[in-house]
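The figures that follow rest on heavy atoms only: side chains count, while hydrogens, waters and symmetry mates do not.
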Amino acid sequence: MQREVDKASAGLRPQLSYKFRAYQSEYNNLTRQIEAAKQQISGASNDYNQIDSTRRQVLGNQGAVERSSAAITRTERLAAETENIGNEITTELGTQREQLVRTRDMLDQTDNSLDKSRRTLLNMARRAVTNKVALICIIIVEVLILAGVLYWKFK
């Protein structure tokens with residue numbers, strides 16, 4: 001029984017441990033009472049009233065022992081159910097962890113793709129600016145050549 005309490009989840013362990021100690025204490029008290037009753041029976045006179053009284057006391061104690069045994073059985077069942085629930089939760093959390101890891105990996109891949117796209121767009125923008133500057137330079141050179149030709153021609 002103590003092993004079942006030790007295996008219980010951390011949240012239920014103090015409660016189950018308290019109940020177990022209470023039942024065990026009650027069981028020990030009742031056992032002592034039964035032993036005392038047995039000693040009284042063996043050392044008592046054969047007086048019928050005293051024997052009947054002791055017999056009733058033993059029967060009452062036996063009922064208490066049976067109730068304690070039933071309570072211990074219920075506690076064991078509760079501990080087993082709690083353990084099953086804990087195992088199910090652990091399994092579910094493991095599954096969720098795997099999903100989160102996969103999601104994080106996909107996010108990392110997306111981030112890498114965005115970085116590559118950003119670099120590509122920056123290169124394209126630089127090339128466009130370079131092409132514009134080259135075109136402006138060519139236009140200026142052509143205008144200067146045209147001005148020079150017109151100057152030489154009308155001179």
For V65 and I34, the nearest pair of non-hydrogen atoms, with its separation, is CG2-CD1, 4.1 Å
Once side chain to side chain contact (heavy atoms under 4.5 Å, CB included) is applied, do any residues pair with R119, and if so which ones, sequence neighbours excluded?
D115, K116
Apply side chain to side chain donor-acceptor pair (under 3.5 Å) to R97 and list each qualifying residue two or more places apart in sequence or on a separate chain.
none
Listed partners of R67 passing side chain to side chain donor-acceptor pair (under 3.5 Å), at least two apart
none
Nearest-0.5 Å distance that lies between atom [atom1] in [X] and atom [atom2] in [Y]:
X: R127; Y: M124; atom1: CZ; atom2: CE; answer: 8.5 Å
X: L93; Y: L100; atom1: CG; atom2: CG; answer: 10.0 Å
X: D108; Y: M106; atom1: CG; atom2: CE; answer: 11.0 Å
X: Y27; Y: S68; atom1: OH; atom2: OG; answer: 9.5 Å
X: T73; Y: E66; atom1: OG1; atom2: CD; answer: 11.5 Å
X: N28; Y: R21; atom1: CG; atom2: CZ; answer: 13.5 Å

Given the rule that I, L, V, M, F, W and Y join up when any side-chain heavy atoms are under 4.5 Å apart, are V149 and I140 in one cluster?
no
Tell me whether V143 is reachable from Y151 by hopping between hydrophobic residues (I, L, V, M, F, W, Y) whose side-chain heavy atoms are closer than 4.5 Å.
no
Is the shortest heavy-atom distance from the side chain of N123 to the side chain of R126 under 4.5 Å?
yes
I would like to know whether E142 and L146 meet side-chain contact (heavy atoms from CB on, under 4.5 Å); could you show each step before the answer?
CA-CA 6 Å; E142 285 180 353; L146 183 62; over 6 Å; no
Given V101, which partner from the list R104, Q99, E98 fulfils the side chain to side chain contact (heavy atoms under 4.5 Å, CB included) test?
R104
Under a 3.5 Å distance rule, please check whether T82 uses its side chain to pair with a backbone N or O of L78 as donor and acceptor.
yes
Working note: L107 + D111, criterion side-chain contact (heavy atoms from CB on, under 4.5 Å); need CA distance, chi angles, decisive distance, verdict.
CA-CA 6 Å; L107 182 62; D111 191 36; 5.7 Å; no
Q96, CD atom: more than 12 neighbouring heavy atoms under 6.0 Å
yes
